[in-house]
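Here is how names work: the chains are called A, B, and so on, in the same order as the sequence lines, proteins then strands, and each is numbered from 1. If you're wondering where the values come from, they're calculated on a predicted model, not measured in any experiment.
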Amino acid sequence: MSEIPKAYEPQAVEAKWYQFWLDQKCFVADPQSPKPAYSIVIPPPNVTGVLTLGHVLNNTIQDILARKARMDGKEVLWLPGTDHAGIATQTVVEKSLRKQGVIKHRDDLGREKFLEHVWAWKEKHGGIILQQLRALGASCDWTRTRFTMEPEYSRCVQKVFVKLYKKGLIYRGKRMVNWDPAARTALSDEEVEMTETKGHLWHLKYPLLDDAGQPVPDQFVIVATTRPETMLGDEAVAVNPNDERYTKLVGRKVLLPLQNKHIPIIADDFVDPKFGTGCVKVTPAHDPNDFQMAGRHQLSLTVVIGPDGCMTKEAGEDFDGLDRMEAREAVVEELTEQSLLLKVEDYVHNVGYSQRSHVPIEPYLSEQWFLKYPSVEKALECVTGSARVPRADSGVTPESSCDTRASGATPAGASGTDALPGMRFHPGRWAKTYTHWMSNIKDWCISRQLWWGHRIPVWRGNDETCSQEQLLDVFDILQKADKSLVAFTFKLKQTEQVAGGNWTAGSKHVESIEACVMPGADDLIWELEDNNFAQDPDVLDTWFSSWLWPFATMGWPAQTATLKKFYPTSDLVTGPDIIFFWVARMIMAGYEFMGELPFRNVYFTGIIRDKQGRKMSKSLGNSPDPLDLIGKYGADALRFGTMRSAPLGQDILFDEQNVELGRNFCNKLWNACRFRQMQGGEVQGEINPALLTSDDRWILLRLNQAIREIDAAFADYKFSDAAAALYRIFWSELCDWYLEAAKAPLQSGTPEQKANTLAVLDFVLSHLLRLFHPFLPFITEELWHGLGYSADMPENQGGRTIMFAPWPKPLGDDELSFYALDATAEAVANAKYQLVTQGRNLRREFNIPAGKKIRFILKPAGSIAAHDIEVLRILLNAEAVEINTAYAAPKGTPSALSPLGELFLPLAGLIDVVAEKARLNKELAKIAAEIERAQQRLNNPNFAQKVPPAVLAEHQARLAEWLGKQKHAEAALAALAQN
RNA sequence: GCGCGCUUAGCUCAGUGGUAGAGCACUUCCUUCACACGGAAGGGGUCGCAGGUUCGAGCCCUGCAGCGCGCACCA
């Protein structure tokens, strides 16, 4: 800090230090380190994503945790990377190719060619977000950056698939799934967002048929539906078996309008007689419930809506090819013409939308892969326990924590991280949400009809695609193959059974074989494909790869040094919106494949919203670009502003003013350090207790208090509390009082006094910079070196970088007594500052210009140090503060009473009597109110009996203080009256 | 329908039993030699409503209202 600018200029500083940290390999984790491990895996952002404020929040917290852990002496791994985001990325690339006119649909290119384009896109645009994280100061170990589609990771995914397949947990089946007609793929239940939507309830008239199949005139069955277009696929009308209105009709038939089809009236318990007309149209191919009913009643399935969301041929030639929404109108129009529409009601109901494409989900019958979740019990137990256990690394008492954690024990000594039992959610209430979901999970549809993703490692052949000879050959190969490389199932024609695996290929007829192949079994795959076997075309849900993230990124399945050192990870920081998608699944995967939970603590951030409380979204344009904010205010400012306004568990209303506040804060920090430097001199190490002033003692105690508060905040993951404590100690205490008071010895003290003041200042600043470092990495590094504090420290503990400087500890009892830091020391300074405020108030009340130096007189209550008088003089901007124990104030001299004594502002007859009377009366009114309150409480006979003695004394002292002030003010008023 | 969260100063939020707080905004004054991205002094709250527990309630309990978010197959 040679040429010190008046204002902090972050840009050059940030670039310089980030590069320095990279060059010095400060972020690289060493699995061989003897230090205890601390690890976080980043929630992998989409490879094609760009940085949002949500990422800023999330990654700032991770960076704070990582940097704090380094200063705590931990070996830190913050593992970064991206995921391939199947649907999102494929959609983006396909859209871009369409825009360029390269294709109309990806089918025009074919799988291989299309994937080449996706990879090219990934190479060009992928990982931008990781670059952007560097601008934020993220201290990720970039040497370990991972991507879910890279070869090693893909092998993990494949291996996991085969393992689960072998266990019988993965199966294929024809089911009604959530179909996204825009992306043309199946989705999991979690990817469907139920949205309350205004729609209509159409009441349709289905003509009743007689035994001969002729419509009975004027007899109809009325069904109500929100989706008239599906009636084209109706196979029945259902009523409740106990519904007396309709029992007679069960077994008869109705005429399905437009399709001219005879469909039966069936009885089924599913139907709620109280809803609507009590008659339900049954569309087995397009409604999950109706599909169930069809199973119970052997109804056939007519598919009238295709995978693209358009009507099929089965819908009839009037509707074939129409979009489902167009078809709705057309059907309604047609029914209206035929007078078969009874009425239309407005109706608000929940409609499932694709989380990805934002189009209504279509229930769609198709062949998909499903996973029966593994290790559900363990995953449920580890978070559901309610025993309260303090964190091993903090002094937090059980009572002070309301987080939920497990009671179960964890295999100890399995890793380098602290072996704590169970897992904690912060805030703990999310455990309930988690438990609820875990207790009601249904099988996970893991297949996606996409090209970008991990292709399902299953090869199939059947008697239509292969010759019987090929099937038998394959069967033979698979039987002889290494069982660790492949799992397979097969189907025989007719009813042959395989008894104890003794069935041998012979004259029997094989219908189909399905082989699930481990990664690396290339020869086997070659043989399968040589026999006309084909790989399943589907890819896996992206979450099926990211649920392995905590260990697949560390080299699993090999037992790498990294895995041994850093798994399980310490903390996970993520949004509650992916608690099911990712967190729950990672926990299950952790237990299933590692035998242990993947992380100890999960911190759920809030959701960033705009000032009006709306979610940030691209379409609303209410989402500022974090990089613009960094450019304008600096990364530290963005970090601090965000953390200061992000309390645990609450959504955050983003306001650029918060970032401005962060910038102002950095500037203030800069200038406080600039002030220190302008005092000159070397870094002052030794503090001489004999020379400590009341201000010195006060700031040291305040620092101690701040360290305790910040530690407590960290222990509870309350980052906004930590930020608030930092703000207070630095701005409201150090700058507002100590730095101003220190000007007394600095300007007029002896060289020894001056040196000691600087020693205290250096002590405080060097501690504050370290406390600030996790929040403000750049400016603290700059000032750390600029003020020369680095020179004082061992090379690897702050000498090279503040990143590894030891985290400040509160002073111990011996140190407190060595420096005589006790309540008395604090009280003297507090009384002094209180007197200053009162004196300044007098100046204001009597309109003394701020710049004018005047004389105060202090009638002290006890002895007062020369230093304190000098501080009073400076802080009151006084010409002098005269001490006069015998001062007899002229009538009406304005004064203020404080524990330090009575302060007079001698105005030599210049007093505006009326104004002063008004001021005193106002003060008296306030005092009277306080006295009233205190007396009321003390007069309550129960109060003295039941209240703890300390509290009683406190209230009594308070009353005494107010009574003293009242006396003082009354006397002043009386003196004025005599004039 | 069930669950969760929120309701405190104009705004955004802290505050889990003992004198209602912070930041921003507001009023007035000040470019004094760290900082106007600053300093000083102020004004501003019957803590959503109604009961209850307690010597004492913003805080604990019960009920109600409003807002938000999840979960849920009722057409």
S.K.: According to the side chain to side chain donor-acceptor pair (under 3.5 Å) rule, which pairs have a member within residues 278-289 of chain A, sequence neighbours left out?
M.R.: A:T230-A:K281, A:D234-A:K281, A:D234-A:T283, A:K281-A:T283

S.K.: Taking side chain to side chain donor-acceptor pair (under 3.5 Å) as the test, write out the residues that go with A:K343, two or more places apart.
M.R.: A:E345

S.K.: Please determine, for the side chain of A:F275, which listed nucleotide (B:rG18, B:rC74, B:rU19) has the closest atom?
M.R.: B:rC74

S.K.: Which residue pairs pass the ring-ring contact (aromatic ring centres under 6.0 Å, His included) test when at least one of the two sits in residues 635-665 of chain A, sequence neighbours left out?
M.R.: A:F640-A:F665, A:F665-A:Y727, A:F665-A:F730, A:F665-A:F772

S.K.: Which listed nucleotide (B:rG70, B:rA75, B:rC35) is nearest to the side chain of A:E740?
M.R.: B:rC35

S.K.: Just name whichever nucleotide pairs with B:rC26, Watson-Crick or G-U, keeping both distances under 3.5 Å, else none.
M.R.: B:rG42

S.K.: Give one of base, sugar-phosphate or nothing for A:I607, where a contact means two heavy atoms less than 4.0 Å apart.
M.R.: nothing

S.K.: Under 4.0 Å, heavy atom to any atom of RNA chain B: which of residues 221-230 of chain A qualify?
M.R.: A:A224, A:T225, A:T226

S.K.: Could you list the residues that satisfy ring pair (Phe, Tyr, Trp, His ring centres under 6.0 Å) with A:F943, not counting sequence neighbours?
M.R.: A:H955

S.K.: Who is the Watson-Crick or G-U wobble partner of B:rG18, with both distances under 3.5 Å?
M.R.: B:rC55

S.K.: For A:E190 and A:W437, test the side chains for any donor-to-acceptor distance below 3.5 angstrom and give the result as yes or no.
M.R.: yes

S.K.: Can you tell me which residue among A:Y8, A:F675, A:F778 is in a ring-ring contact (aromatic ring centres under 6.0 Å, His included) with A:W670?
M.R.: A:Y8

S.K.: Looking at residues at least two apart in the chain, or sitting in another chain, which of them share a side-chain contact (heavy atoms from CB on, under 4.5 Å) with A:D443?
M.R.: A:Y171, A:F370, A:K372

S.K.: So which protein nitrogen or oxygen atoms get under 3.5 Å of nucleotides 59-61 of chain B's nitrogens or oxygens?
M.R.:
none

S.K.: In a table with atom names and distances, give each donor-acceptor pair under 3.5 Å that connects a side chain of residues 836-851 of chain A to protein atoms at least two apart or in another chain.
M.R.:
| unit_1 | atom_1 | unit_2 | atom_2 | d |
| --- | --- | --- | --- | --- |
| A:T837 | OG1 | A:Y833 | O | 3.1 |
| A:Q838 | NE2 | A:L897 | O | 3.0 |
| A:R840 | NE | A:L875 | O | 3.2 |
| A:R840 | NH2 | A:L875 | O | 3.3 |
| A:R843 | NH1 | A:K852 | O | 3.3 |
| A:R843 | NH1 | A:L876 | O | 2.8 |
| A:R843 | NH1 | A:N877 | O | 3.0 |
| A:R843 | NH2 | A:P849 | O | 2.8 |
| A:R843 | NH2 | A:A850 | O | 3.3 |
| A:R843 | NH2 | A:K852 | O | 2.6 |

S.K.: Between protein and nucleotides 2-7 of chain B, what N or O pairs are separated by less than 3.5 Å?
M.R.:
| unit_1 | atom_1 | unit_2 | atom_2 | d |
| --- | --- | --- | --- | --- |
| B:rG3 | O3' | A:K432 | NZ | 3.4 |
| B:rC4 | OP1 | A:K432 | NZ | 2.8 |

S.K.: In whole angstroms, how far is the C1' atom of B:rA72 from the CG atom of A:N289?
M.R.: 12 Å

S.K.: Looking at side-chain heavy atoms only, is the closest gap between A:E923 and A:K965 below 4.5 Å?
M.R.: no

S.K.: Just jot down the side chain to side chain donor-acceptor pair (under 3.5 Å) partners of A:Q966, sequence neighbours excluded, or say none.
M.R.: none

S.K.: Any side-chain N or O of A:R958 below 4.0 angstrom from OP1/OP2 of B:rU19?
M.R.: yes

S.K.: Under a 3.5 Å limit for both distances, which nucleotide forms a Watson-Crick or G-U wobble pair with B:rC4, could you say?
M.R.: B:rG68

S.K.: For A:D189, what residues pass the side chain to side chain donor-acceptor pair (under 3.5 Å) criterion, not counting sequence neighbours?
M.R.: A:N178

S.K.: Within the sub-3.5 Å range, which N or O atoms of nucleotides 37-41 of chain B have a protein N or O partner, and how far apart are they?
M.R.:
| unit_1 | atom_1 | unit_2 | atom_2 | d |
| --- | --- | --- | --- | --- |
| B:rC37 | O4' | A:R663 | NH2 | 3.3 |
| B:rC37 | O4' | A:N664 | OD1 | 2.9 |
| B:rC37 | O2' | A:N667 | ND2 | 2.9 |
| B:rC37 | O2 | A:R663 | O | 3.4 |
| B:rC37 | O2 | A:R663 | NE | 3.4 |
| B:rG38 | OP1 | A:N664 | ND2 | 3.3 |
| B:rG38 | O3' | A:K668 | NZ | 3.0 |
| B:rG39 | OP1 | A:K668 | NZ | 2.8 |
| B:rG39 | OP1 | A:W731 | NE1 | 2.6 |
| B:rA40 | O3' | A:R840 | NH1 | 3.3 |
| B:rA41 | O3' | A:N841 | ND2 | 3.3 |

